[in-house]
Amino acid sequence: MRKMPVYLINGFLGSGKTTMMLKMIKKLQDNGSKVAVLLNELGQTNLERHMFKEDNFFELLNGCICCSLQDDLKKVMHDLSGLYKNGTVDVAVIEGTGVANPGEIHEILNQHPFSDLFSLKESVCITDASMLQEYLSVFSSSKEVRNLQKQQIHHASYIVLNKIDLIDQKTDLEKVRKLVRKINADAALKETSYGDCIEDLFQTHSSLARTPIKNEEKYAHHREIKAVKIQNTANVGRNDIHRILSDLNEDMIRAKGTIYDQSEAQWYHFQYASGKLQWEKVKKMSSSRHGEIIFIGTNLSREKVLL
Ligand SMILES: Nc1nc2c(ncn2[C@@H]2O[C@H](COP(=O)(O)OP(=O)(O)OP(=O)(O)O)[C@@H](O)[C@H]2O)c(=O)[nH]1
């Protein structure tokens, strides 16, 4: 029986997974494939839903498919298999949350009946070249962040060293390349920005035979890293976002959202990743959409964010 091809995309918070995934989906569609998309988010809603136009779009929210949402993942995998059998879709692209351990997702794909139904083409890990040294350093990151980053790199068959536009290409690139190779010497490795390596990815056939890390702690990744979701954003303007990010600079890893800035009478999307904040004016806000924000960091709490 033919197995449904699956691409798995993992990588730490803000490393560029969604940016690359959108390019992958477009390339697959340009090549005539009918793509199913599965997106997993830590928050209760997917703030990036508007970026995806696919009919066969599944989202698993408020947890991680590698641990708390394993049963939900299995259910979606059954649905995907049905869609593959009846010809509705012919390839799946799955994006884990920024704190997912790919090893645990591989375990599910290797179990019966999924091992007979799916063929994992590549397990991609996107790393943020501008932050990797910091995330792996005992001086600047918690054990949880360091472990997660290592697990994600270790389990990959294809590693993307992304955001190289943000680093010194002579000195820092060599350092981060060495760090990655110390953790995973075998995976294909591509250095790029904005996930621009799709042709290469589809031409690569790397080995997926990765064994678990010795003494790998299961489910150890959600103790310190917390997501705080703000749904009532009526009084949150651009200045407030700047202030919150600067006040919680030490703890904040990732933030994103949509807000209405009253002083400018303008809706904005914002993205905070790699210590950089980017604003984008929303051209047309649909009446069904509303403002919302998600902050993700170590030891964050609603009280800390709203102070
Ligand atoms: N400078 C630079 N920015 C990038 C690059 N790739 C992505 N970004 C930006 O980084 C931010 C986060 O990118 P995403 O693709 O949403 O990252 P993600 O890994 O899906 O983030 P999570 O939602 O935390 O899982 C966005 O503002 C992107 O535009 C890159 O190569 N260089």
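Both counts, for ligands and for their atoms, begin at 1 and track the order of listing.
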Student: For ligand 1, is there an atom lying under 4.0 Å from some heavy atom of M20?
Tutor: no
Student: Given I293, which partner from the list T233, I244, V305 fulfils the side-chain contact (heavy atoms from CB on, under 4.5 Å) test?
Tutor: T233
Student: With ring pair (Phe, Tyr, Trp, His ring centres under 6.0 Å) as the rule and sequence neighbours excluded, what pairs involving residues 63-103 come up?
Tutor: H78-F114
Student: Taking the side chain as every heavy atom from C-beta outward, state whether V6 and V91 have any pair of such atoms under 4.5 Å apart.
Tutor: no
Student: Closer than 4.0 angstrom, basic N to acidic O: yes or no for K3 and D116?
Tutor: no
Student: For the pair F270 and F295, name the ring-plane relationship: parallel under 30°, tilted 30 to 60°, perpendicular over 60°.
Tutor: tilted
Student: Looking at atom 11 (C) of ligand 1, what's its closest protein heavy atom, distance included?
Tutor: A273 CB, 3.9 Å
Student: Determine the sole option in I164, T171, L166 for which the side-chain contact (heavy atoms from CB on, under 4.5 Å) test with D168 is passed.
Tutor: T171
Student: Name the orientation class of the two ring planes belonging to F52 and F57 (parallel below 30°, tilted from 30 to 60°, perpendicular beyond 60°).
Tutor: tilted
Student: Tell me: protein heavy atom nearest atom 10 (O) of ligand 1, and distance?
Tutor: K163 NZ, 3.1 Å
Student: Relative to the heavy atoms of S193, which atoms of ligand 1 are at a distance of less than 4.0 Å?
Tutor: 31 (O)
Student: For atom 22 (P) of ligand 1, what is the nearest protein heavy atom, given as residue, atom name and distance?
Tutor: R254 NE, 3.4 Å
Student: Which residue and atom name correspond to the protein heavy atom nearest atom 14 (P) of ligand 1, and how close is it?
Tutor: T19 OG1, 3.6 Å
Student: What protein heavy atom is closest to atom 17 (O) of ligand 1, reported as residue, atom name and distance in Å?
Tutor: G16 N, 3.1 Å
Student: Measure the distance from atom 25 (O) of ligand 1 to every protein heavy atom, then report the residue, atom name and distance (to 0.1 Å) of the closest one.
Tutor: K17 NZ, 2.8 Å
Student: Please state which protein non-hydrogen atom is closest to atom 4 (C) of ligand 1 and give its distance, to 0.1 Å?
Tutor: Y194 CE2, 3.3 Å
Student: How far is atom 23 (O) of ligand 1 from its nearest protein heavy atom, and which residue and atom is that?
Tutor: K256 NZ, 2.5 Å
Student: Can you tell me if G11 has a non-hydrogen atom under 4.0 Å from ligand 1?
Tutor: no
Student: Side chain, backbone, both or neither: which part of Q271 has a heavy atom under 4.0 Å from ligand 1?
Tutor: side chain
Student: Using a 4.5 Å cut-off on heavy atoms from C-beta on, say whether the side chain of I294 contacts that of V228.
Tutor: no
Student: Does M21 have a heavy atom less than 4.0 Å from any atom of ligand 1?
Tutor: no
Student: Is it the side chain, the backbone, both or neither of E95 that has a heavy atom closer than 4.0 Å to ligand 1?
Tutor: side chain
Student: The criterion is salt bridge (charged side-chain N to carboxylate O under 4.0 Å, His left out); which residues satisfy it with E280, sequence neighbours excluded?
Tutor: none
Student: Ring centres of W279 and H242 under 6.0 Å apart?
Tutor: yes
Student: Check ligand 1 against D165 and write out every atom of the ligand that is under 4.0 Å from a heavy-atom position of the residue.
Tutor: 1 (N), 2 (C), 30 (C), 31 (O), 32 (N)
Student: Given that the side chain starts at C-beta and the backbone is N, CA, C, O, which of these parts of L166 lies under 4.0 Å from ligand 1, counting heavy atoms, or is it both or neither?
Tutor: side chain
